[in-house]
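Below is one structure, written out as structure tokens; comments come after it.
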Number of protein chains: 2
Amino acid sequence: MGAMTTTAGARRGRPPAFDRAAVLTAATRLFWERGYQATSVGELTGAMGIKPGSLYAAFGDKESLFREVVRAYQQSPAGVFVGVAFAEEPTTRAAFVRILREAARVYSDPAHPAGCLVISAAANVAAQDDEVAVFLRDVRAANLVGFEERLTTAKRLGELPADADPTALARYFGAVLQGMSQRSRDGADTAELTATAELAMAAWPVAGTGTTAS
Amino acid sequence: MGAMTTTAGARRGRPPAFDRAAVLTAATRLFWERGYQATSVGELTGAMGIKPGSLYAAFGDKESLFREVVRAYQQSPAGVFVGVAFAEEPTTRAAFVRILREAARVYSDPAHPAGCLVISAAANVAAQDDEVAVFLRDVRAANLVGFEERLTTAKRLGELPADADPTALARYFGAVLQGMSQRSRDGADTAELTATAELAMAAWPVAGTGTTAS
DNA sequence: TCAATTCTTGAGTGACCGTTCAAGAAAGAA
DNA sequence: TTCTTTCTTGAACGGTCACTCAAGAATTGA
């Protein structure tokens, strides 16, 4: 689908003067750093090197641009490491260990803004921009469902003890990742986040004992 | 200090037509729900029932009002439960158990906006409002220092094993609390957050073993 | 060469932002 | 009563917001 529209020549009219992927990257960086609402169209056009008219012709409006940014982000290294860990690690436990460690690295990578764009870009938003907040919340909820499905499967396969609660575990790891994202935005470095990740894995259920002591 | 200025009569000039504490509560609710930047002065004056002139005469400007809101919040039940737990619980472990459980309750209390105002009210902010973000980040950092001091003391008193890392633990619990706050803003209820809190306590060091397995 | 199509440009839209201010109203002091 | 002080009110301030549009430039198809 994308190949036909981008590679095949013979498009009528004046060609765009900018590289769509490049300006999307610039927009991503801004949204990632400041969040959706705090990023103005003026800042966007400045960073993207295009005028408002071009932005609106190419992307629709600010909200559509943001949705495209999120879509691109989810396919970037910072967005796919969860899926990659699930696909490549042999055990569910190893997958979560890897997810937490990768998050520690990615969230604090100085090559891009700190934390996770999906977690922080619409943390607070005016009533009028509710749809953006709902959109990101749905993405987060879908990620949690992915966690839960993997953990449920692991329990069915005997990888988790019978008294393990996949739903509670999924939400716990989700909360830890959101906390790590926030900590990285507060300045936490890779070492700190890695230490947090290691401690977080202590919640992994061990066969034969309850998962927590009161 | 507060008693003299509020109770003693004999103040010159026209008295304020509003209850300062009441309008502060209204402002707190708005800032808590939407965050600093996404809350406009127009919404504030509407919710507080006063005109812009009165707001600026009484509170200075939007930023000063917000700082006063944060100060009041920190002395409210939602802001003091950490200090109360430290003061009332006999052991450090019991204090952290209580902090996590209380956070689960408070963050999801439907009587007020979800989560922690200090954690979420300036999550993303434009460059011009940096000072507000820095202000809240400092508050969070101070809370972490409080955690760390308590844990360091616990280690010195033998309540924690010799290989325990108070700094890492403090940051871990800080991250968990930030994650719980975010989860509550995504709709998590008390039961979910409580389950997360219980799982989080699995990271508490046990004498004689390493704190984590790899 | 000429029409059709697509993008760029620059100027401009109304709405809302945080904030200010002069004028009037309500209190104590003289 | 009159002065002084403090608060309220309503109408504004310039600035920025997201967004639009007509006119010109660059391309393809005929």
Side-chain angles (χ1 to χ4, degrees), chain A residues 4-24 27 30-31 34-69 122 124-133, chain B residues 5-24 27 30-31 34-69 122 124-132:
Chain A
M4 284 201 54
T5 49
T6 51
T7 50
R11 278 244 307 291
R12 300 279 297 256
R14 177 175 178 173
F18 58 88
D19 176 10
R20 190 180 178 93
V23 302
L24 251 185
L30 262 180
F31 278 131
R34 302 212 220 282
Y36 174 75
Q37 185 164 274
T39 303
S40 73
V41 173
E43 290 172 317
L44 285 167
T45 55
M48 299 162 88
I50 61 178
K51 299 287 163 60
S54 299
L55 189 154
Y56 281 85
F59 298 100
D61 60 0
K62 185 185 174 185
E63 183 176 334
S64 301
L65 169 62
F66 180 72
R67 295 180 118 101
E68 190 162 337
V69 159
N124 31 41
V125 114
Q128 74 203 39
D129 290 326
D130 244 0
E131 293 174 21
V132 174
Chain B
T5 48
T6 50
T7 49
R11 279 242 308 288
R12 300 276 298 253
R14 177 175 178 171
F18 57 88
D19 176 8
R20 189 180 178 94
V23 302
L24 250 186
L30 262 180
F31 278 132
R34 302 212 220 281
Y36 174 74
Q37 184 166 275
T39 303
S40 74
V41 173
E43 291 172 317
L44 285 167
T45 54
M48 299 162 89
I50 61 178
K51 299 289 164 62
S54 299
L55 189 154
Y56 280 83
F59 297 101
D61 60 0
K62 185 185 172 185
E63 183 175 336
S64 302
L65 170 61
F66 179 72
R67 294 181 119 100
E68 190 162 337
V69 158
N124 32 39
V125 115
Q128 75 202 40
D129 290 326
D130 244 0
E131 294 174 21
V132 174

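Note on naming: letters A, B, ... go to the chains in the order of the sequence lines (proteins, then strands), and numbering restarts at 1 for each one. Values below: all heavy atoms of this structure, side chains included; hydrogens, waters and symmetry mates excluded. Please read these numbers as outputs of a predicted model, since none were measured by experiment.
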In whole angstroms, how far is the [atom2] atom of [N] from the [atom1] atom of [X]?
X: A/I50; N: D/dA25; atom1: CD1; atom2: C1'; value: 17 Å
X: A/M48; N: C/dT9; atom1: CE; atom2: P; value: 14 Å
X: B/F31; N: C/dG18; atom1: CZ; atom2: C1'; value: 12 Å
X: B/L44; N: C/dT19; atom1: CG; atom2: C1'; value: 13 Å
X: A/K62; N: D/dC19; atom1: NZ; atom2: P; value: 8 Å
X: A/L30; N: D/dC17; atom1: CG; atom2: P; value: 12 Å

Between the protein and nucleotides 13-16 of chain D, are there any N/O to N/O pairs under 3.5 Å, and if so, what are the atom names and distances?
none

Show me the donor-acceptor pairs, under 3.5 Å and distance only, between side chains in residues 16-23 of chain B and residues at least two apart or in other chains.
residue: B/D19; atom: OD1; partner: B/A21; partner atom: N; Å: 3.2
residue: B/R20; atom: NE; partner: B/E68; partner atom: OE2; Å: 3.2
residue: B/R20; atom: NH1; partner: B/A58; partner atom: O; Å: 3.2
residue: B/R20; atom: NH2; partner: B/A58; partner atom: O; Å: 3.4
residue: B/R20; atom: NH2; partner: B/E68; partner atom: OE1; Å: 3.0
residue: B/R20; atom: NH2; partner: B/E68; partner atom: OE2; Å: 2.9

Give the minimum heavy-atom separation between [X] and [Y], together with the two atoms involved.
X: B/K62; Y: B/Q37; answer: NZ-O, 3.6 Å
X: B/G35; Y: A/N124; answer: CA-ND2, 3.6 Å
X: B/V132; Y: B/A122; answer: CG1-CB, 4.3 Å
X: A/A47; Y: A/L30; answer: CB-CD1, 3.6 Å

Pick base, sugar-phosphate or nothing for A/V41, based on heavy-atom distances below 4.0 Å to the nucleic acid. sugar-phosphate
Indicate, with a heavy-atom threshold strictly under 4.0 Å, whether B/T39 touches base, sugar-phosphate, or nothing. sugar-phosphate
In terms of side-chain heavy atoms of B/P52, which of C/dT8, C/dT19, D/dT8 is nearest?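 In terms of side-chain proximity for B/P52, the closest of C/dT8, C/dT19, D/dT8 is C/dT19.
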side-chain hydrogen bond (donor to acceptor under 3.5 Å, both in side chains) partners of A/R14, counting only residues at least two apart: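 With neighbours one apart ignored, the set is empty.
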Can you find a side chain N or O atom of A/K51 that sits less than 4.0 Å from OP1 or OP2 on C/dT8?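 Looking at the OP1 and OP2 atoms of C/dT8, neither is under 4.0 Å from any side-chain N or O of A/K51.
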Using a 4.0 Å cut-off on heavy atoms, which residues in residues 53-61 of chain B reach DNA chain D? List them by number, or say none.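 The answer is B/G53, B/S54.
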Over 60° means perpendicular and under 30° means parallel, so classify the ring planes of A/F66 and A/F31, tilted if in between.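 Because their plane-to-plane angle is over 60°, the rings of A/F31 and A/F66 count as perpendicular.
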Only pairs at least two apart or in different chains count here, so list each side-chain hydrogen bond (donor to acceptor under 3.5 Å, both in side chains) that has a residue in residues 47-61 of chain B. B/D61-B/S64
Between the protein and nucleotides 2-6 of chain C, are there any N/O to N/O pairs under 3.5 Å, and if so, what are the atom names and distances?
residue: C/dT6; atom: O2; partner: A/R14; partner atom: N; Å: 3.0

Applying side chain to side chain contact (heavy atoms under 4.5 Å, CB included), run through B/I50 and B/L44 and close with a yes or a no. CA-CA 9 Å; B/I50 61 178; B/L44 285 167; over 6 Å; no
